[in-house]
Amino acid sequence: MRRLLIAGNWKMNLDRGRSLSLVQGLVESLRNTSNVDVAVCPPSVYLGELGKALHGSNIGLGAQNAYNQPEGAYTGEVSCGMLKDVGCQYVILGHSERRAIFGETDLMVNEKLHAVLAAGLTPIVCVGETLQEREAGKTQQVVESQCKGSLAGLSHEQMLKTVVAYEPVWAIGTGKTATPAQAEEVHKDIRELLGSLFSSETSQKVIILYGGSVKADNALELLSEPNIDGALVGGASLKQDSFLGIVQAASSVKK
Ligand code: PEP
């Protein structure tokens, strides 16, 4: 049985005061939620302070990116050891915005993935097709190629510690959500691919999140699909009520 994970990707949003009050509100409201894993991924400058605010709570802290080297002359970058130092447990890697705006390739994502795992952090590796690719009937091909490239060289044990997030680019921040059937089809393909790359036993244990305009009112039907093990949430993670609504939906899912 896979535990559902709901992770909020705040992107480059919220200031210090609003970050802190959102985290404090979530800590208070989720005090008794134990059947779902929850994490927030704020901008890196706030990680240290929010890590302290989350200490002892049942909400994990995640970063939105990390560099693949432990230290050195890499101006502007943050290492996995530094993220761990301030209380991070998760790191989002290869988000479509990083791929499209900052030119991240599967190889770069893969190098970061190995560094994140070596530091004992949980990576959330994002894959997903553009609208053009979907309309050209290339969804499966694109997602499989991103998975193979991004997850290259992992041992079975490392794969079990890695979370995959399927995020169709056309559904991110657009209000257009994949239908539960569209999302499930790709999640099932990813799990089958992991089965062929690793083993069926390993693939059955990997957490595969869906991301793309998940809201409190569409979360339940998406999360009820057999291969959807949680959500990576952008816009709806910036407000307490909408994020809590998604966590509550996850909490009520029976599979
Ligand atoms: C995301 O950025 O990972 C995301 C899924 O965003 P949104 O929920 O706003 O579509």
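When a ligand or atom number is given, it counts from 1 through the structure's own listing order. It should be emphasised that the depicted structure is a prediction, and the values quoted were computed from it without experimental measurement.
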Subject >> Contact (N/O only, under 3.5 Å) between Ile172 and ligand 1 >> reply: no

Subject >> Heteroatom proximity flag, Gly234 to ligand 1, N/O under 3.5 Å >> reply: yes

**OP:** May I ask you to decide whether Glu184 forms a salt bridge with Lys188, counting only side-chain N to carboxylate O separations under 4.0 Å?
**Re:** no

Original post:
For Glu157, which residues count as a salt bridge (Lys or Arg N to Asp or Glu O under 4.0 Å) partner, sequence neighbours excluded?
Top reply: none

**OP:** Would you mind running through ligand 1 and noting each atom that sits below 4.0 Å from a heavy atom of Ser213?
**Re:** 7 (P), 8 (O), 10 (O)

Original post:
Is Glu167 in polar range of ligand 1, meaning some N or O pair under 3.5 Å apart?
Top reply: yes

Subject >> Aromatic plane relationship, His187 with Tyr166 - under 30° parallel, 30 to 60° tilted, over 60° perpendicular >> reply: perpendicular

**OP:** Considering the heavy atoms of Gly235, write down every atom of ligand 1 situated less than 4.0 Å from one of them.
**Re:** 7 (P), 8 (O), 9 (O)

**OP:** Mark up the atoms of ligand 1 that fall under 4.0 Å of a heavy atom belonging to Gly212, in ascending order.
**Re:** 5 (C), 10 (O)

**OP:** Could you tell me if any non-hydrogen atom of His95 lies under 4.0 Å from any atom of ligand 1?
**Re:** yes

Original post:
salt bridge (charged side-chain N to carboxylate O under 4.0 Å, His left out) with Asp106: which of Arg98, Arg99, Lys112?
Top reply: Arg99

Original post:
Taking the six-membered ring for Trp, are Tyr74 and Tyr67 parallel (under 30°), tilted (30 to 60°) or perpendicular (over 60°)?
Top reply: tilted

Subject >> No-hydrogen, no-angle side-chain donor-acceptor test under 3.5 Å, Trp170 and Glu129 >> reply: yes

Original post:
What atoms of ligand 1 come closer than 4.0 angstrom to any heavy atom of Ala171?
Top reply: 10 (O)

**OP:** Please examine the side chains of Pro42 and Leu61, heavy atoms only from C-beta on, and report whether any two atoms are closer than 4.5 Å.
**Re:** yes

Original post:
Backbone or side chain, does any N or O of Ala236 fall under 3.5 Å from an N or O of ligand 1?
Top reply: no

Original post:
Counting from 1, what ligand 1 atoms have a heavy atom of Gly173 closer than 4.0 Å?
Top reply: 7 (P), 9 (O), 10 (O)

